[in-house]
Amino acid sequence: MSAVTDRTTPPVERDRPEPQIQERSPLMSRIAGRTLIVLFSAFMILFILGPLAWLAVHAFATSWTFPNLWPDGWTLHWFGTVFSDPGLGAAVQNSLVISPIVVLCSAVICLPAAYAFARHEFFARRTFLVGLFATNAFPKMGLFATLASLFYALNLMNTVVGIVIVQLLGTIVFMTWIPAAAFSAVPRSLEEAARDAGASKLRVFFRITLPMALPGILVAIVMSFLASFDEAQGTYLVGAPDYFTMPTEMYTLVLNYPKQVAAVFSILLSIPSVVLLLVARKHIMGGQLAEGFQIR
């Protein structure tokens with residue numbers, strides 16, 4: 001008698017092994033990471049250090065003709081040209097005098113406002129904070145043209161006061177937001193403990209609040225100085241032809257002087273920025289600059 005086969009029962013399938021996902025080799029990850037680092041370093045060298053090296057070579061070169069790989073000769077003549085030119089010397093003097101005045105005025109105006117933003121709640125506080133960016137939210141040349149018409153009516157054109165007001169527009173954001181964040185980071189418990197011990201409000205501010213907020217204020221001062229020192233469009237519109245600063249004098253150098261003179265002047269223009277950034281490097285790298293734009 002033959003066995004009866006149950007055709008309704010499906011055939012038993014063997015368990016198939018699940019495909020294994022191959023993990024990326026740690027060696028390949030390290031190679032990819034190092035490749036990215038090399039590419040990024042090459043990019044930085046090409047687009048940042050490259051122009052600086054070009055300026056440095058031209059500042060000491062007699063001439064540099066294509067297709068020569070090296071200058072035709074070396075000289076210090078162009079430095080003498082810059083230092084002996086009375087117009088260029090006046091531009092250096094104007095920059096070194098006007099920029100500290102702008103920083104001082106900005107500190108007097110903005111630091112009390114920064115403390116108020118950090119320590120007090122008032123109507124439209126966040127609106128005023130966001131409104132500080134309005135000076136940088138639009139093309140500045142249109143803003144400067146509008147200010148010029150107002151300055152003509154107030155007789156502020158071709159004056160140092162007009163230049164200071166124009167440059168103040170670029171420092172308000174730094175001198176308000178960063179110190180406000182620094183003041184906000186000071187623990188209120190320390191201030192309250194000092195008050196309970198009998199210290200006056202002024203003593204608490206100058207002995208506790210201000211020293212702890214000083215690194216952030218230092219960063220704000222550095223950034224404000226750089227913004228003022230490098231401002232060119234508004235300064236040229238308001239100050240020319242009576243007052244030129246180092247950035248505005250670059251227009252004349254590019255058009256009317258040998259490029260070696262422009263290279264020397266560019267190096268002199270970058271020295272204050274580099275020195276100040278090195279002085280404040282610890283605080284900038286420590287996050288004071290980033291914290292200034294995280295005010296709640």
Side-chain angles (χ1 to χ4, degrees), residues 51-52 55 81-111 131-178 219-257 259 261-277 280:
L52 295 178
L55 289 175
T81 303
V82 170
F83 290 118
S84 62
D85 192 306
L88 301 182
V92 174
Q93 182 179 358
N94 290 336
S95 292
L96 296 179
V97 171
I98 293 177
S99 294
I101 294 176
V102 172
V103 173
L104 179 61
C105 294
S106 181
V108 171
I109 296 171
C110 298
L111 288 182
L132 292 175
F133 284 103
T135 56
N136 296 320
F138 306 99
K140 284 191 174 182
M141 201 59 195
L143 177 62
F144 293 150
T146 304
L147 285 176
S149 61
L150 179 62
F151 283 4
Y152 274 117
L154 298 176
N155 294 323
L156 292 176
M157 294 296 291
N158 302 326
T159 63
V160 175
V161 176
I163 296 175
V164 169
I165 294 174
V166 166
Q167 294 187 1
L168 274 174
L169 298 176
T171 65
I172 291 175
V173 172
F174 297 114
M175 195 62 79
T176 304
W177 276 74
I178 300 176
V219 173
I221 290 174
V222 171
M223 301 305 296
S224 298
F225 181 87
L226 296 180
S228 171
F229 193 79
D230 295 333
E231 206 288 317
Q233 293 181 340
T235 303
Y236 187 84
L237 183 64
V238 175
D242 296 333
Y243 295 97
F244 287 94
T245 59
M246 294 180 71
T248 59
E249 191 67 27
M250 287 298 299
Y251 293 116
T252 303
L253 289 175
V254 171
L255 295 175
N256 302 320
Y257 284 77
K259 56 186 176 183
V261 176
V264 173
F265 205 69
S266 298
I267 293 175
L268 297 178
L269 180 61
S270 64
I271 289 176
S273 302
V274 173
V275 172
L276 286 176
L277 288 177

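Just so you know, these numbers come straight off a predicted model, no measurement behind them. This chain uses plain numbering: 1 for the first residue, then up along the sequence.
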Fill in: Minimal non-hydrogen separation, Phe265 against Glu249, with atom names
CE2-CB, 4.0 Å

Response to the item:
Between Phe144 and Leu237 the two heavy atoms that sit nearest each other are O-CD2, 3.4 Å

All N/O donor-acceptor pairs, side-chain side in residues 165-175, below 3.5 Å, sequence neighbours left out:
residue, atom, partner, partner atom, Å
Gln167, OE1, Ser228, OG, 2.5
Gln167, NE2, Thr235, OG1, 3.0
Thr171, OG1, Ser106, OG, 3.1
Thr171, OG1, Leu168, O, 3.0

Worksheet item: Would a 4.5 Å heavy-atom cut-off, applied to side chains only, mark Leu147 and Leu156 as touching?
Response: no

Response to the item:
In this structure, CE of Met246 is separated from CG of Leu88 (nearest 0.5 Å) by 9.0 Å

Discussion item. Between Asn94 and Phe244 (side chain of the first, backbone of the second, donor and acceptor by atom type, cut-off under 3.5 Å), is there such a pair?
Written reply: yes

Item to complete: Only counting residues at least two apart or in another chain, list the ones meeting side-chain hydrogen bond (donor to acceptor under 3.5 Å, both in side chains) with Ser95.
Response: none

Item to complete: Would you sort out whether Phe229 and Val102 count as a side-chain contact (heavy atoms from CB on, under 4.5 Å), showing the intermediate values?
Response: CA-CA 9 Å; Phe229 193 79; Val102 172; over 6 Å; no

Discussion item. On a heavy-atom basis, which atom in Leu276 and which in Phe225 lie closest, and how many Å separate them?
Written reply: CD1-CD2, 3.0 Å

Worksheet item: Which heavy atom of Ser224 sits nearest a heavy atom of Val103, and at what distance?
Response: C-CG2, 4.1 Å

Discussion item. For a 4.5 angstrom cut-off between non-hydrogen side-chain atoms, does Thr248 reach Thr245?
Written reply: yes

Item to complete: Check Ala262 against Met250 and note the closest heavy-atom contact, atom names and distance.
Response: O-CE, 4.0 Å

Discussion item. Is the shortest side-chain heavy-atom distance between Glu231 and Pro247 below 4.5 Å?
Written reply: no

Item to complete: Taking the side chain as every heavy atom from C-beta outward, state whether Phe83 and Leu268 have any pair of such atoms under 4.5 Å apart.
Response: yes

Item to complete: Not counting sequence neighbours, list each pair that qualifies as a side chain to side chain donor-acceptor pair (under 3.5 Å) and has a residue in residues 148-166.
Response: none

Worksheet item: More than 12 foreign heavy atoms under 6.0 Å from OH of Tyr236: is that the case here?
Response: no

